[in-house]
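One structure below.
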Amino acid sequence: MVESTQSEFVTIVSNDGFEFIIPRSAACVSGALRRSLDPSSKFPEGISGRCELGEFSGVVVEKICEYFCYNEKHKDQVNVPDMDIPPELCLELLMAADFLDT
């Protein structure tokens, strides 16, 4: 019987090869990533702890990862300040949020 060892961190990779290492708990803010990182799901991401987001550039994936960590840090707080989002990324980030079930 093979025992699954889940790392505390996961790697998120953009389509241009940038890698972002974030806490697994932060990545699981996304429903899509949570399901794919589940070791019982038999997805390769669940085994390797590496998610490739080939649909999005490094700039967008960086902001996605920033949001995951921001969300986790402030999840139990009230009156949380808005996260700084450049207007030129808004459309891509909305599409990413829909894709990632965030």
Side-chain angles (χ1 to χ4, degrees):
M1 182 160 81
V2 177
E3 198 172 304
S4 174
T5 57
Q6 277 191 341
S7 171
E8 181 181 342
F9 295 93
V10 296
T11 303
I12 311 293
V13 184
S14 67
N15 65 5
D16 47 1
F18 288 95
E19 297 183 359
F20 302 90
I21 300 170
I22 63 173
R24 180 179 293 269
S25 58
C28 289
V29 166
S30 160
L33 293 181
R34 182 176 48 252
R35 289 185 293 277
S36 67
L37 288 169
D38 182 2
S40 65
S41 70
K42 306 288 192 236
F43 287 118
E45 293 87 351
I47 298 166
S48 68
R50 181 181 176 91
C51 296
E52 298 196 19
L53 299 180
E55 298 80 8
F56 306 107
S57 69
V59 173
V60 173
V61 173
E62 178 181 26
K63 202 50 116 167
I64 290 167
C65 292
E66 182 182 335
Y67 169 74
F68 290 160
C69 294
Y70 187 85
N71 183 289
E72 183 179 46
K73 177 181 177 184
H74 297 290
K75 67 182 170 190
D76 296 325
Q77 297 178 4
V78 292
N79 299 325
V80 176
D82 290 336
M83 199 176 116
D84 182 39
I85 298 175
E88 62 272 13
L89 291 181
C90 286
L91 180 59
E92 286 182 273
L93 289 171
L94 280 172
M95 292 187 317
D98 182 53
F99 178 80
L100 294 170
D101 188 22
T102 303

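- By the criterion of side-chain heavy atoms lying less than 4.5 angstrom apart, applied directly or through intervening Ile, Leu, Val, Met, Phe, Trp or Tyr residues, Met95 is not grouped with Ile64; the two fall into different hydrophobic clusters.
- Going from atom CG of Leu37 over to atom SG of Cys51 covers 4.0 Å, rounded to the nearest 0.5 Å.
- Rounding to the nearest 0.5 Å places CD1 of Ile12 at 8.5 Å from CG of Leu100.
- Considering CD of Glu19 and SG of Cys65, their distance stands at 11.0 Å, rounded to 0.5 Å.
- Side-chain atoms of Pro23 and Cys69, non-hydrogen and from C-beta on, do get closer than 4.5 Å to each other.
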For this session: Start with the C-alpha distance between Ser25 and Glu72, add both sets of side-chain angles, then the distance that settles side chain to side chain contact (heavy atoms under 4.5 Å, CB included), and finish with yes or no.
Result: CA-CA 8 Å; Ser25 58; Glu72 183 179 46; 2.3 Å; yes
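- For the pair Ser14 and Val60, the minimum side-chain heavy-atom distance is 4.5 Å or more.
- Residues Met83 and Val80 share a hydrophobic cluster, clusters being chains of Ile/Leu/Val/Met/Phe/Trp/Tyr side chains in contact below 4.5 Å.
- To the nearest 0.5 Å, atom OG of residue Ser40 and atom NZ of residue Lys42 are 7.0 Å apart.
- Under the ring pair (Phe, Tyr, Trp, His ring centres under 6.0 Å) criterion, the residue pairs touching residues 58-83 are Tyr70-His74, with sequence neighbours excluded.
- Hydrophobic clustering (side-chain heavy atoms under 4.5 Å, transitive across Ile, Leu, Val, Met, Phe, Trp, Tyr) keeps Val13 apart from Val59.
- Considering every non-hydrogen atom in both Val29 and Arg34, the closest pair reads O-NH1, 4.1 Å.
- For the residue pair Leu33 and Ala27, the shortest heavy atom distance occurs at CB-O, 3.6 Å.
- Across all their heavy atoms, Ser7 and Arg24 have their closest contact at O-NE, 2.8 Å.
- With rounding to the nearest 0.5 angstrom, the CZ atom of Phe20 is 11.0 Å from the OG1 atom of Thr11.
- Under a hydrophobic clustering in which Ile, Leu, Val, Met, Phe, Trp and Tyr are joined whenever their side-chain heavy atoms come within less than 4.5 Å, directly or via other members, Phe9 and Phe43 fall into different clusters.
- From Glu62, atom CD reaches atom OG of Ser57 across 9.5 Å, with rounding to the nearest 0.5 Å.
- Taking all atoms of both residues into account, the shortest heavy-atom contact from Gly58 to Asn15 is N-OD1, 4.4 Å.
- Taking a 6.0 Å sphere around CD of Glu8, one finds it holds 12 or fewer heavy atoms contributed by other residues, nucleotides or ligands.
- Cluster annotation: Phe18 and Leu93 are assigned to the same hydrophobic cluster (Ile/Leu/Val/Met/Phe/Trp/Tyr, side-chain heavy-atom contacts under 4.5 Å, transitive).
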